[in-house]
Number of protein chains: 2
Amino acid sequence: MVVDQLSEAEADRLFQAFADATRRDIVRRVTVGEYSVSGLAALYAMSFAAVQKHVAVLERASLVTKEKRGREQIVRGNHEGLQKARRLLDEYEAIWRQRVERIADILAEA
Amino acid sequence: MVVDQLSEAEADRLFQAFADATRRDIVRRVTVGEYSVSGLAALYAMSFAAVQKHVAVLERASLVTKEKRGREQIVRGNHEGLQKARRLLDEYEAIWRQRVERIADILAEA
DNA sequence: ATATCGTACAACCAAATGGTTGTAGATCAG
DNA sequence: CTGATCTACAACCATTTGGTTGTACGATAT
């Protein structure tokens, strides 16, 4: 029963997207409030185009969505990507738990 | 009460390390069993040096440890890095929960 | 109507990434 | 001792990444 087998490419995109401090900050901001792309750009010491690229990376990773409103593009947090990332890490955690159990079993046999 | 404020650089290293399928596979393998660097290298269609670099990336991110045993270097999973990554994602999840609560409050006022 | 604003996108650049081969030092086996 | 094995690391290369500036275009305000 594979609920949602994340493709390797999807996992790549997710973690890659998280691997940048500016992008992590954007995710936090747009989860709490609403920001246009230029609204976000005003927050960082880099060009509008650079921020635009960061948003695009986050969008491809399903960590934010964009919605056109007038001439602005509103960026919002997308729970989907975060959930996928967490589920991924949970799998690694599960492997650790299994390992611990296995060792406990071996010790119990002694 | 900041328990373990992850530096941005640390977070970068962690997620960057996870952002590669080969490295994620290495993490899984060495969590379950013991592998030397060359033992790992035998598993992938790339050079020993390439695998060695992947292991180095994982080590810098605290996702694996290396221990010298004779002429071999044994690679083992390191729970520390994984825990840090999970804690990080948990913070983002917490922001989401706060957002949901805030919206619920607003609705309750109406 | 015109100027301004917000966005998209192309072209470019430097640095980082993910791979290679080659060399050299330890350690182990015969 | 000699040869094979495991590791480390340097040098190199192609591609990607993270930034820049410049151009174009739809939406808004005056």
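- Aromatic rings of A:Phe18 and B:Phe18 (six-membered ring for Trp) have centroids beyond the 6.0 Å cut-off, not under it.
- Taking atom CD on B:Glu8 and atom C1' on D:dG18, their separation rounds to 16 Å, with Å as the unit.
- For the pair B:Lys68 NZ and C:dC28 C1', the interatomic distance rounds to 13 Å; values are reported in whole Å.
- Atoms CD and CG, on A:Glu8 and B:Asp20 in that order, are 9.5 Å from each other to the nearest 0.5 Å.
- If you measure from atom CZ of B:Arg13 to atom C1' of C:dT17, you get 16 Å, rounded to the nearest angstrom.
- Not one side-chain nitrogen or oxygen of A:Ser47 sits closer than 4.0 Å to the OP1 or OP2 atom of D:dG19.
- The shortest distance between side-chain heavy atoms of A:Arg99 and B:Val32 does not fall below 4.5 Å.
- Going from atom CG of B:Asp12 over to atom C1' of D:dT17 covers 13 Å, rounded to whole Å.
- Put simply, CD on B:Gln16 is 18 Å from P on C:dA15, counting in whole angstrom units.
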Checklist entry - Should B:Arg102 and B:Asp105 be marked as a salt bridge (Lys or Arg N to Asp or Glu O under 4.0 Å) after you check the CA-CA gap, both sets of side-chain angles, and the distance that decides it? => result CA-CA 5 Å; B:Arg102 192 168 46 75; B:Asp105 286 352; over 6 Å; no

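- Put simply, A:Tyr35 and A:Phe48 are part of the same group of oily side chains (I, L, V, M, F, W, Y) that touch within less than 4.5 Å, one to the next.
- Nearest-nucleotide positions on DNA chain D place A:Ala19 closer to the 5' end than the other of A:Arg69 and A:Ala19.
- Dashed line: the shortest gap from a side-chain N or O of A:His54 to OP1 or OP2 of D:dT17 is not under 4.0 Å.
- When distances run from any side-chain atom of B:Met46 to the nucleotides C:dA26, C:dG18, C:dT20, the shortest one goes to C:dT20.
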Quick test: give all pairs of protein nitrogen or oxygen and nucleotides 6-10 of chain C nitrogen or oxygen below 3.5 Å, distance rounded to 0.1 Å.
from, atom 1, to, atom 2, distance (Å)
C:dT7, OP1, A:Val37, N, 3.2
C:dT7, OP1, A:Gln73, N, 2.7
C:dT7, OP1, A:Gln73, O, 3.3
C:dT7, OP2, A:Ser38, N, 2.6
C:dT7, OP2, A:Ser38, OG, 2.7
C:dT7, O3', A:Gln73, NE2, 3.4
C:dA8, OP1, A:Lys66, NZ, 3.4
C:dA8, OP1, A:Gln73, NE2, 2.5
C:dA8, OP2, A:Gln52, NE2, 3.1
C:dA8, N7, A:Gln52, OE1, 3.4
C:dA8, N7, A:Gln52, NE2, 3.4

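- A salt bridge does not link B:Arg87 with B:Glu91: none of the charged nitrogens is closer than 4.0 Å to a carboxylate oxygen.
- Here the rule is side chain to side chain contact (heavy atoms under 4.5 Å, CB included) with A:Leu89, and of B:Leu88, B:Leu89, B:Asp90 only B:Leu89 fits it.
- Hydrophobic clustering keeps A:Ile74 apart from A:Val64 (ILVMFWY residues linked when any side-chain heavy atoms are closer than 4.5 Å, directly or through intermediates).
- As judged by a 4.0 angstrom heavy-atom cut-off over every strand, A:Arg23 is placed among residues touching the sugar-phosphate backbone only.
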Item to check | Strand DNA chain D in bracket notation, Watson-Crick/G-U under 3.5 Å with | for pairs to another chain | outcome: ||||||||||||||||||||||||||||||

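- Between A:Met46 and A:Thr22, some side-chain heavy-atom pair lies under the 4.5 Å cut-off.
- When rounded to the nearest whole Å, the span between OH of A:Tyr44 and C1' of D:dT20 equals 19 Å.
- Between the CG atom of B:Leu58 and the P atom of C:dT17 there is a distance of 13 Å, rounded to whole Å.
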